[in-house]
Amino acid sequence: MTDTPTIDSALANAELVVRTIAEEAVAQEEYFGSLDAVVGDGDFGYSLARGFEFVIAEWDNIDRTDAGAFLTNVAVMITGHIGGTSGPLWGTAFLRAGAHCMGRTELGAADVVEALRGAIEGIKKRGKADVGDKTLLDALVPAVDELEAAFAAGKDTKAALATMARAAREAAEATSSLEARRGRASYSGERSIGSVDAGAVGVAVLIERVATIWPTN
Amino acid sequence: MTDTPTIDSALANAELVVRTIAEEAVAQEEYFGSLDAVVGDGDFGYSLARGFEFVIAEWDNIDRTDAGAFLTNVAVMITGHIGGTSGPLWGTAFLRAGAHCMGRTELGAADVVEALRGAIEGIKKRGKADVGDKTLLDALVPAVDELEAAFAAGKDTKAALATMARAAREAAEATSSLEARRGRASYSGERSIGSVDAGAVGVAVLIERVATIWPTN
Amino acid sequence: MKKFVNDPKQFVPEMLRGIALANPDTLRYVPAYNLIHRADAPNHNKVTIIQGSGSGHEPAHVMTVGRGMLDGACPGDVFAAPPLDFITETVKLLASDKGVLLLVNNYTGDRMAFEMAEEVASADGLEVRTLFIDDDVSVKNSTYSVGRRGVAGNFFVMKAVGAAAENGADLDELVRIGEAVNAVTRTMGVALTACTPPAKGSPLFELGDDEIEVGVGIHGEPGRRRAKWMPANDIADELLGAILPDLPFESGDRVAVMVNGLGGTPISELYLLYGIIHEKLADQGFTIGRNYVGDYCTSLDMAGASLTLVKLDDEIELLLAEPAEIAIRVF
Amino acid sequence: MKKFVNDPKQFVPEMLRGIALANPDTLRYVPAYNLIHRADAPNHNKVTIIQGSGSGHEPAHVMTVGRGMLDGACPGDVFAAPPLDFITETVKLLASDKGVLLLVNNYTGDRMAFEMAEEVASADGLEVRTLFIDDDVSVKNSTYSVGRRGVAGNFFVMKAVGAAAENGADLDELVRIGEAVNAVTRTMGVALTACTPPAKGSPLFELGDDEIEVGVGIHGEPGRRRAKWMPANDIADELLGAILPDLPFESGDRVAVMVNGLGGTPISELYLLYGIIHEKLADQGFTIGRNYVGDYCTSLDMAGASLTLVKLDDEIELLLAEPAEIAIRVF
Ligand SMILES: Nc1ncnc2c1ncn2[C@@H]1O[C@H](COP(=O)(O)OP(=O)(O)O)[C@@H](O)[C@H]1O
Ligand SMILES: Nc1ncnc2c1ncn2[C@@H]1O[C@H](COP(=O)(O)OP(=O)(O)O)[C@@H](O)[C@H]1O
Ligand SMILES: [Mg+2]
Ligand SMILES: [Mg+2]
Ligand SMILES: [Mg+2]
Ligand SMILES: [Mg+2]
């Protein structure tokens, strides 16, 4: 796969992605909370912010043996400090992604996609959920599909991320027409139709932020 | 005192006054309650209405030996069925008035004034209150003064009652400038200034009603 | 108004029926006089203790009838002292050979009704004594000659005389104990929202979205001042600042502490407030001998809380520690 | 938002501190894991019972730690299951030689966290079993595969297994008892107002001045339907109409009845509602073996109530009647 672009320095990139997500999650606390309040219980923003605040506070102490160790350590911090549904789900996602990066210093496009697919499988299993249940999977899965396609089409990372972000945003907005079948929103049944899923929009916002700050070239 | 008008049939008149007061108290429940809610606890209308409702329900069973027995029986019903501050106060007032009418079949103007003075003394003693404390005494005392003066000036009962009613109304409105020193409103201290006393206005409304329905001649 | 209520005029009777149905073994209900009494009253081996007051303060006092507390409670309608008849009939029905102690919170209406009832009962040859409770520091004795209001501190008087009566104390002794407890008990409350009497159907007073009433009464009477909402730490300072210098309580004192909910405040917030107050008291050198956190004397659905401090001596502390059993139970 | 709170992020820790300070003899507090546990835990003569859940439901569960109930409670933040670490550390600290029973209300977040914790603890060689409680009839099992929610009925599972553990029952036996109680317990709630999470600062949902939410969840989740306010009699019919046919409960059954306040409703209204429900049940041929009226499982400051029925058999009734002692006490 010499024609796919290569991301240099797996650890540096993992750090950049995690730091960006963490800062954005803290910044968006109120907005994410308000999304979850429509048919959920309003704490999605709070939970995420408290967890990633901790990651930021402990930033210098995170294991930096390699990208895999780094992500695994972040996963442990998340499960230890995010409560609610998001703690186990996001923790599992980072844990699975970390497992795919263990011992690597460089990650190719295929590796990144594989790590993300691992995260998705982890979320599905942990949450007993799938695409269409009106969860963050409804933004994450199409976003990863598009990322893979963009890489396959030869786009560079910055461009591929932009494509991924657009897909995530579109898919997140589209959750509005779905009826929730998982999580607290599912208790609303039909009343959940007409508003977007908080987790899906959250994922879109975070991917957009990563796409924006990603250095050109 | 042959020049003072004589009220014939003490019992009939006592019945008329009590019945009028009772019906008006029931009709004004909400209004009296709203007056008490400003700096009191809002139950003045409720308490009075429940008590006089009972008097009306038991109307045919009230002791009609004479006006005194009638008023005494009403007094017992009131203390038995009005709670709060108003039960003891109004009950005492009717009890004292009844005592002054015991054994009488006809009441002269002086008798009426004396009965009302007795009621006032009873209220003062029971409530440890006096004119100026921002209570119903601030309407009742000047009203009885004016009634006495009107009788002395030779007015007939209907006209004397009209004078009394005007005095009660004026004095009740004037309680607005007083600071409450008795009852629940007194806890408001200076904040009680600026609103009328519920009991005083209640007394004025009831006297007005009696003056209105009193037969001419 | 959104409440669990049918006809507002039946609010009190329907509540009393519920209490009676929930406690068939221990309580009796006499609808004609709004009376809830112990199934085993009158007990001629002990003084009968009766509390009357307006309703709307539950669990005070209809739910605090039971062994070691009250023999009976005859409430009036919401926020209205009971009519005279209710009291006299209750006294007649429950009077024990050892006499009757009436516990009354110090309000004009209650004072008058119970003074009249004591006259009537004494004329009937019954031995009756009346104890007025006035623990609310927010009303200054000097300024308003009606005197201080009785609020949540009432619980401590009830508990102490209730325990002593169970142990056989006579009427004089109970009056002495009750007065002693009342003399060392101080309370002040704060309202976060107004309460809504069922028969009125709307809030009793207006309180802005960011306002609180410091020193509020349990009938929604205004307090010392209207203030902007403030953090729990500052509210604790306000309450302690009013209560401590009043007795005064002094560093080194052993105290009982009650954080009482006013009806609409959840117990989570009460414990949060308790934690703050406990630490502040400990910092100032007080020892907390006993603590009470929960709804003891409410003002319908008012959000808010009151703080009560009792200066403990051995006698009071032992009486507070005696067992008791009432309608309010967890298990 | 008007609450007794300082920094909303410290709402849960400050409340836990208050509980600990109020119960120095019986409880211990480990701030690092939001843990409240019995001072004498682990007790190797009994199975350790731990409940975890989001906060905001007090007295459940941090105030129901004590003899005959829980050995420990590790709550998450308001309405959020505890993070995995809190649970695993709690389990490690409190594990007894007879094993650990985890009580969990059936919500996605709680399920996931506790399943992960059970995996971790089992890997560490600890004997751990988890019991999911799902008593809320307002959510239909068939429609939503996440299953029913666990609400106030949780109390009965806690009480029964708590009593059995105190009597020496082993882990298998406790699981059997807990499942048996859960299987005969049904609850439905109604909200008169929305609740306000401290960190959000405004009501979680909109409810009109004349509206109620029938079948509401204890995190403010919507229920079966939005309805106009109705008298207490009609609300009782709604609740009974949903609960009775669900098990089904049948005329002649002996039941325990709980009228549980959701946090902002005063106990007067709860007893009024209890009276109505008691009479309706008696009219339909039920015998009420035990009753519970008060705040057991709240939704912060939400005004409202839930009704729980438990079909009693001798074993369950005896366990419910066993003594227990927790932070929530009257005297
Ligand atoms: N079973 C599940 N699988 C995957 N994602 C889920 C599941 N349940 C909920 N989610 C996601 O989590 C979000 C809610 O997170 P959060 O508010 O932390 O959970 P909680 O319901 O515990 O308050 C939802 O918007 C949804 O995207
Ligand atoms: N001590 C008193 N003496 C005379 N009248 C009084 C006294 N206290 C209160 N009142 C009168 O009673 C009225 C309030 O009656 P009510 O609402 O029944 O009493 P409560 O304060 O018990 O709710 C006041 O408006 C005042 O006119
Ligand atoms: Mg949520
Ligand atoms: Mg009044
Ligand atoms: Mg009143
Ligand atoms: Mg949550």
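Values reported hereafter were calculated over all heavy atoms of this structure, with side chains retained and with hydrogens, waters and symmetry mates removed.
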State, with a plain yes or no, whether a side-chain heavy atom of D:Arg226 is found less than 4.5 Å away from one of A:Arg191. yes

Any idea which heavy atoms bring D:Ala80 and A:Gly83 closest together, and the distance? CB-C, 4.2 Å

Pairwise distance CD1(A:Ile78) to CG(D:Asp85) - rounded to 0.5 angstrom: 12.0 Å

Considering residues, nucleotides and ligands other than A:Glu30, do more than 12 of their heavy atoms fall under 6.0 Å from its CD? no

Cut-off 4.5 Å, heavy atoms of chain A, and the answer for D:Tyr107 is both

Mind checking which of residues 46-53 of chain A sit less than 4.5 Å from chain D, heavy atom to heavy atom? A:Tyr46, A:Ser47, A:Arg50, A:Glu53

Pick from D:Glu206, D:Arg111, D:Arg149: which one has the most heavy-atom pairs with chain A under 4.5 Å? D:Arg149

Heavy-atom cut-off 4.5 Å, strictly under: side chain, backbone, both or neither for D:Arg224 against chain A? backbone

On a heavy-atom basis, the closest approach of A:Asp43 and D:Phe79 is OD2-O, 3.0 Å

Neighbour count above 12 (heavy atom, 6.0 Å) for D:Asp209 CG: no

Close side-chain approach of A:Pro88 and D:Met116, heavy atoms under 4.5 Å: yes

So D:Leu204 and A:Asp41, do their side chains get closer than 4.5 Å, heavy atoms only? yes

Side chain to side chain contact (heavy atoms under 4.5 Å, CB included) with D:Met112: of A:Thr92, A:Thr79, A:Leu89, only one passes, and it is A:Leu89

Which region of A:Val39, side chain (C-beta onward) or backbone (N, CA, C, O), has a non-hydrogen atom less than 4.5 Å from a non-hydrogen atom of chain D, or is it both or neither? backbone

With the side chain counted from C-beta on, respond yes when A:Arg182 and D:Thr108 share a heavy-atom pair under 4.5 Å apart, and no when they do not. no

Does atom CD of A:Glu58 have more than 12 heavy-atom neighbours, drawn from other residues, nucleotides or ligands, at distances under 6.0 Å? yes

